[in-house]
Asks: 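The structure is given below, and queries will be raised subsequently.
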Number of protein chains: 2
Amino acid sequence: MKETLVTISKRTGFAISTVSRVLNGQAEKYRISRKTVELILAEARRCDYTPSLLAKGLRMKRTNTLGLLIPQVSNPYFADIASAIIREARSHGYTVMVVDTMENEENEQEGIRTMLSRRVDGIVAVPCGRTPDHLEKVNRSVPVMLVDRSFERTSLPYVCTDNYRGGVEATRILLQRGHRRIACIQGVPHSMPNRRRVQGYLDALRQAGLQEEAIITGDAFSLENGYRQTKLAVAGPDRPTAIFALSNTILLGAVKAIRESGLRIPEDISVVSFDDNPYLDFLVPAITRIGQPVEEIGKTAVRLLLESIREEVRCRTQLQLPPERIVRDSVANPRTAK
Amino acid sequence: MKETLVTISKRTGFAISTVSRVLNGQAEKYRISRKTVELILAEARRCDYTPSLLAKGLRMKRTNTLGLLIPQVSNPYFADIASAIIREARSHGYTVMVVDTMENEENEQEGIRTMLSRRVDGIVAVPCGRTPDHLEKVNRSVPVMLVDRSFERTSLPYVCTDNYRGGVEATRILLQRGHRRIACIQGVPHSMPNRRRVQGYLDALRQAGLQEEAIITGDAFSLENGYRQTKLAVAGPDRPTAIFALSNTILLGAVKAIRESGLRIPEDISVVSFDDNPYLDFLVPAITRIGQPVEEIGKTAVRLLLESIREEVRCRTQLQLPPERIVRDSVANPRTAK
DNA sequence: GTGAAAGCGCTAACAC
DNA sequence: GTGTTAGCGCTTTCAC
């Protein structure tokens, strides 16, 4: 049978309230005698007392638990984010319940329901819907923090990469080498990170007076999409001299297609990708890329969320953290510019 | 203010118990009239009633929650396992609390404490200690299921890869090509997966009458370890013609060292690795490897655990699932055998 | 310095 | 068919 305050109370002869106070470190506050404190602590240790956070949560209306909605835990990028969030939460005494939404809005909604039922103190979400409506509604009952992805106009707080700037930088890396025909292979068109990256790409081209040259294709953050679009691109008459892949998965597809076509990176075609990953240094050549500050995103999101829980106010901070250029060997001058 | 059974009870005029029964789908069982049912359901929907699983858990002594202890969520291999576990649990109506133990036994113990306090119905663990003692003790109060790693002699149930067989198969792939000097670069020596893989390697050599040729080095599942050991191995006088890396990370270090030394894979030296990962197909050459049935491991572990929770008996199943050979292009005949 | 008791939201045994 | 009530384990107000 489980130990409770009652059993300890009975065995030590002190009242439940006294036991509770001692076990919560409130002995001082209530000026409970040293002797009592020690007796109770000893007994608690002896019987391996494990306080019920269920009962405590029910009483206190706080569970020290956060909910985390992630579109795909097995995706290394999301795993990194989840990892950062879980660790940061733990360092503040919070535990995290994770729901894998599998990029499905229904799963997301159901996940939110379970979390609310479990009375989480706050929710961190990488949202997968097209609109913030539902999450905004949830935010009225429990604080919500968006991570990685956000929405066009929303009052919800978020922490993500400055994807626009990432798009600009990636494109500039190529422009500086003299590339003019740069194919941008995108992921899910309506998603915010995608739109911002594309916008960055377009603006960089525009500033270079190359707006006419924009080539935007693709529709999914997948290897298949990267492969298909690259196949098409290199087969066409006016082959691009460089490819900007908007994600790791797209990049892999692109690399596969390029290799199959017999072209060499970077001699025949340059490549820049988004997202960091240790493996990218082991491809030949190593891939030049725009890394996202994953660790910082997770940490910051949790800190802001916990703060808003503590202060009992809704957080309104919307943060875009700067991406990181990781220059390797997949970019060279275009042939035509030689 | 939050809605509860009481508020609904008051507003509809029915007793709390009636409301409870209806909302739990027990209307039939208690032969509650259609009208009552509809009124109550309507009101619950209207006010967006969210049942408190805290209160329910307190009352029922079941929370429909599992605890998951993972040594490093950001490691793609563990992320895959976590993903499978989370999804399988969800499909049975369970939510998962994840603790990242960071390969630290203290964190593991603390993680267990929080989980027990939160009254999880069961715990899935990739343990990081050297002995099963503590987990066996925990198993007396709540069912524990080991995953990926196990212990030499333990009564705890587990589901993992047949690492011994993996070690044998990897080694045989090399032996069949005529390799005789095969360096095995291991990870943490005392860990079960490592020991079993090494044992498989040794037995495969023995069966080929090559026990004298065994070369076992290394001490960590890390890129650095793989790099260092490979550097030493290729620099030595009697260079191995093949390397068996006991993990992905070790492999990457090995590849780096081999490239730096100017040797080519597989012409100068063959390579076989453990663990699957999509990126391995994009290295040049693509790496031949032994994949672990991660999805199945996670699924099976959760199923067995839930079953033992349901039946209220301790599971004693200890399962080793067969690994998968993934043959690519990193193995060739050794030079000397030509 | 310590204790008694109410109540958090829920289920289920028992009553009618 | 529906209602009353005890109790899950905890915190906290009020009392002494």
Side-chain angles (χ1 to χ4, degrees), chain A residues 1-41 43-44 47-65 114 116-121 141, chain B residues 1-41 43-44 47-65 114 116-121 141:
Chain A
M1 199 38 214
K2 264 273 166 255
E3 300 293 336
T4 71
L5 289 189
V6 177
T7 63
I8 297 185
S9 146
K10 278 196 185 134
R11 248 179 276 120
T12 58
F14 292 100
I16 303 181
S17 45
T18 305
V19 177
S20 168
R21 296 196 260 250
V22 169
L23 264 25
N24 282 297
Q26 303 193 307
E28 298 255 311
K29 188 169 146 200
Y30 286 91
R31 286 181 270 153
I32 294 170
S33 71
R34 269 187 65 82
K35 216 166 191 168
T36 307
V37 171
E38 301 200 337
L39 276 169
I40 291 176
L41 284 181
E43 174 60 17
C47 71
D48 197 21
Y49 171 68
T50 310
S52 166
L53 294 189
L54 287 186
K56 187 165 184 164
L58 182 58
R59 185 59 233 246
M60 311 278 280
K61 269 117 179 44
R62 279 175 91 275
T63 53
N64 280 264
T65 304
T114 18
L116 292 180
S117 263
R118 289 181 158 84
R119 301 296 188 252
V120 296
D121 295 334
S141 49
Chain B
M1 199 40 213
K2 265 272 166 257
E3 300 291 339
T4 70
L5 289 189
V6 177
T7 62
I8 296 185
S9 146
K10 279 196 182 130
R11 247 179 278 119
T12 57
F14 293 100
I16 302 181
S17 48
T18 306
V19 177
S20 169
R21 298 196 259 251
V22 169
L23 263 26
N24 283 295
Q26 304 192 306
E28 296 256 312
K29 186 169 147 199
Y30 287 90
R31 283 179 271 153
I32 294 170
S33 72
R34 269 186 66 81
K35 216 167 192 165
T36 306
V37 171
E38 300 201 336
L39 275 169
I40 292 176
L41 285 181
E43 174 59 17
C47 71
D48 198 19
Y49 170 69
T50 311
S52 167
L53 294 190
L54 288 187
K56 187 165 184 165
L58 182 58
R59 185 59 235 245
M60 311 279 278
K61 270 115 180 48
R62 280 176 91 274
T63 54
N64 280 263
T65 305
T114 18
L116 292 180
S117 263
R118 289 181 157 83
R119 301 296 189 255
V120 295
D121 295 335
S141 50

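Values below: every heavy atom of this structure, side chains too, minus hydrogens, waters and symmetry copies. Below, chain A is the first sequence line, B the second, and so on; all start at residue 1.
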Asks: Heavy atoms only: give me the nearest A:Leu23-A:Ala44 pair and the separation to one decimal.
Replies: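 Answer, listing the atom of A:Leu23 first, then A:Ala44: CD1-CB, 4.1 Å.
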Asks: Residues of residues 6-15 of chain B with any non-hydrogen atom less than 4.0 angstrom from an atom of DNA chain C: list those, numerically ordered, please.
Replies: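 Heavy-atom cutoff 4.0 Å gives no residues at all.
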Asks: For residues 47-58 of chain A, dump all side-chain donor-acceptor pairs below 3.5 Å to protein atoms at least two apart in sequence or in another chain.
Replies:
from    : atom 1 : to      : atom 2 : distance (Å)
A:Thr50 : OG1    : A:Asp48 : O      : 3.4
A:Ser52 : OG     : A:Leu54 : N      : 3.3
A:Ser52 : OG     : A:Ala55 : N      : 3.2
A:Lys56 : NZ     : A:Asn24 : OD1    : 3.4

Asks: Using a cut-off of strictly less than 4.0 Å, decide whether A:Ser33 has a side-chain nitrogen or oxygen near OP1 or OP2 of C:dT2.
Replies: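 A:Ser33 to C:dT2 OP1/OP2: side-chain N or O found under 4.0 Å.
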Asks: Report the end-to-end axis angle of the helix from C:dG1-D:dC16 to C:dC16-D:dG1; each axis comes from five terminal pairs, and the value is rounded to 10°.
Replies: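 The helix from C:dG1-D:dC16 to C:dC16-D:dG1 shows an end-to-end axis angle of 40°.
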Asks: Rounded to whole Å, please give me the gap between NZ in A:Lys29 and C1' in D:dT11.
Replies: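 Rounding to the nearest Å, NZ of A:Lys29 and C1' of D:dT11 are 10 Å apart.
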Asks: Using a cut-off of 4.0 Å between protein heavy atoms and nucleotide atoms, how would you tag nucleotides 11-16 of chain C 5' to 3' with B, S and -?
Replies: BBB---
Asks: Using only side-chain N and O atoms of A:Lys61, determine if any of them is under 4.0 Å from OP1 or OP2 of C:dG9.
Replies: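 Answer yes for this pair, as a side-chain N or O of A:Lys61 is under 4.0 Å from OP1 or OP2.
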Asks: With the side chain counted from C-beta on, respond yes when A:Arg118 and B:Asn64 share a heavy-atom pair under 4.5 Å apart, and no when they do not.
Replies: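 Sidechains of B:Asn64 and A:Arg118: in contact.
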Asks: Return each pair, listed once, that meets salt bridge (Lys or Arg N to Asp or Glu O under 4.0 Å) where at least one residue sits in residues 13-22 of chain B; pairs must be two or more places apart or across chains.
Replies: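 Every candidate salt bridge (Lys or Arg N to Asp or Glu O under 4.0 Å) pair involving residues 13-22 of chain B fails, so no pair, neighbours aside, qualifies.
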Asks: Whole angstrom is fine here: how far is it from CZ in A:Arg118 over to C1' in C:dC8?
Replies: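 Going from CZ in A:Arg118 over to C1' in C:dC8 covers 19 Å.
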Asks: Salt bridge (Lys or Arg N to Asp or Glu O under 4.0 Å) with B:Arg62: which residues, sequence neighbours excluded?
Replies: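 With neighbours one apart ignored, the set is empty.
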Asks: Specify the separation, in whole Å, of atom NZ of A:Lys35 and atom P of C:dT2.
Replies: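 One finds 11 Å between P of C:dT2 and NZ of A:Lys35, rounded.
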Asks: Using atom CG of A:Leu53 as one end and atom C1' of D:dC8 as the other, report the distance to the nearest whole Å.
Replies: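 Distance check: A:Leu53 CG to D:dC8 C1' gives 15 Å.
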Asks: Output all residues satisfying salt bridge (Lys or Arg N to Asp or Glu O under 4.0 Å) with A:Arg34, sequence neighbours left out; order by chain, then residue number.
Replies: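 By the salt bridge (Lys or Arg N to Asp or Glu O under 4.0 Å) rule, A:Arg34 matches A:Glu38.
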Asks: For A:Asp121, which residues count as a side chain to side chain donor-acceptor pair (under 3.5 Å) partner, sequence neighbours excluded?
Replies: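 A:Thr63.
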Asks: Using the side chain to side chain contact (heavy atoms under 4.5 Å, CB included) criterion, which residues pair with A:Thr36? Sequence neighbours excluded.
Replies: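 Checked A:Thr36 against side chain to side chain contact (heavy atoms under 4.5 Å, CB included); matches are A:Phe14, A:Thr18, A:Ile32, A:Ser33, A:Ile40.
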Asks: Without decimals, in angstroms, what is the distance between B:Leu54 CG and D:dC8 P?
Replies: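 To the nearest whole Å, that distance equals 17 Å.
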Asks: Measure CZ/B:Arg119 against P/D:dC10 and give the value in whole Å, please.
Replies: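 Between P of D:dC10 and CZ of B:Arg119: 7 Å.
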Asks: Provide the closest heavy-atom pair for B:Ser9 versus B:Ala15 in the form atom of the first, atom of the second, distance.
Replies: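 Nearest heavy atoms, B:Ser9 then B:Ala15: OG-C, 4.0 Å.
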Asks: Could you tell me which residues satisfy salt bridge (Lys or Arg N to Asp or Glu O under 4.0 Å) with A:Arg11, sequence neighbours excluded, listed by chain and number?
Replies: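 Expected list: A:Glu3, A:Glu43.
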Asks: Taking the side chain as C-beta and beyond, is there a heavy-atom pair between B:Ile16 and B:Thr4 under 4.5 Å?
Replies: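 With C-beta onward as the side chain, the pair stays apart.
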Asks: Starting at CZ of A:Arg31 and ending at C1' of C:dG3, how long is that distance when rounded to a whole Å?
Replies: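 From A:Arg31 CZ to C:dG3 C1': 16 Å.
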